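Accompanying notes for the structure given below.
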Amino acid sequence: MKPIHLLGVIPFLGILGGIFIANRVTPYVLGMPFNLFWLVMWVVLISAIMAVIYHLDPANREEHSS
């Protein structure tokens, strides 16, 4: 399996697998319950991970022939 495919699995594990670990309300982070903070954090991280995947994907590399 290519590293680019492994990067695509990380968001899946973070959102769906991590919610069982982060299933708490009491520690408030930035004014949000911890489980809500966990989900918001992963939405931001998914955007960053998808940007990295986009830049690493050889299909998105364009030859400048001008």
Side-chain angles (χ1 to χ4, degrees):
M1 188 182 262
K2 294 180 181 180
I4 197 169
H5 294 131
L6 291 175
L7 279 175
V9 174
I10 292 172
F12 177 77
L13 295 175
I15 289 273
L16 295 179
I19 200 64
F20 295 111
I21 299 167
N23 194 13
R24 296 183 208 123
V25 176
T26 52
Y28 286 91
V29 181
L30 300 174
M32 296 181 280
F34 186 72
N35 53 0
L36 179 61
F37 169 74
W38 181 268
L39 292 173
V40 170
M41 177 190 69
W42 272 103
V43 167
V44 173
L45 287 176
I46 287 171
S47 299
I49 291 170
M50 290 299 139
V52 169
I53 290 173
Y54 177 79
H55 288 293
L56 291 177
D57 189 9
N60 295 326
R61 296 192 183 153
E62 185 178 336
E63 297 273 337
H64 296 290
S65 59
S66 346

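Worth knowing before you read on, the calculation uses all heavy atoms, side chains too, and leaves out hydrogens, waters and symmetry mates. All values derive from a computational prediction rather than experimental measurement.
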Pairs of donor and acceptor atoms involving the side chains of residues 35-47, under 3.5 Å and at least two apart or interchain, shall be tabulated with distances.
from  : atom 1 : to    : atom 2 : distance (Å)
Trp38 : NE1    : Gly14 : O      : 3.0
Ser47 : OG     : Val43 : O      : 3.3

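- Both Ile53 and Leu13 belong to a common hydrophobic cluster when Ile, Leu, Val, Met, Phe, Trp and Tyr are linked at side-chain heavy-atom distances under 4.5 angstrom.
- At a threshold of 4.5 Å between side-chain heavy atoms, the hydrophobic network of Ile, Leu, Val, Met, Phe, Trp and Tyr places Val9 and Met50 in one connected group.
- Closest of all the heavy-atom pairs between Leu56 and Leu7 is CD1-CD1, 4.0 Å.
- When hydrophobic clusters are built by joining Ile, Leu, Val, Met, Phe, Trp and Tyr residues whose side-chain heavy atoms come closer than 4.5 Å, directly or via intermediates, Leu16 is grouped together with Phe34.
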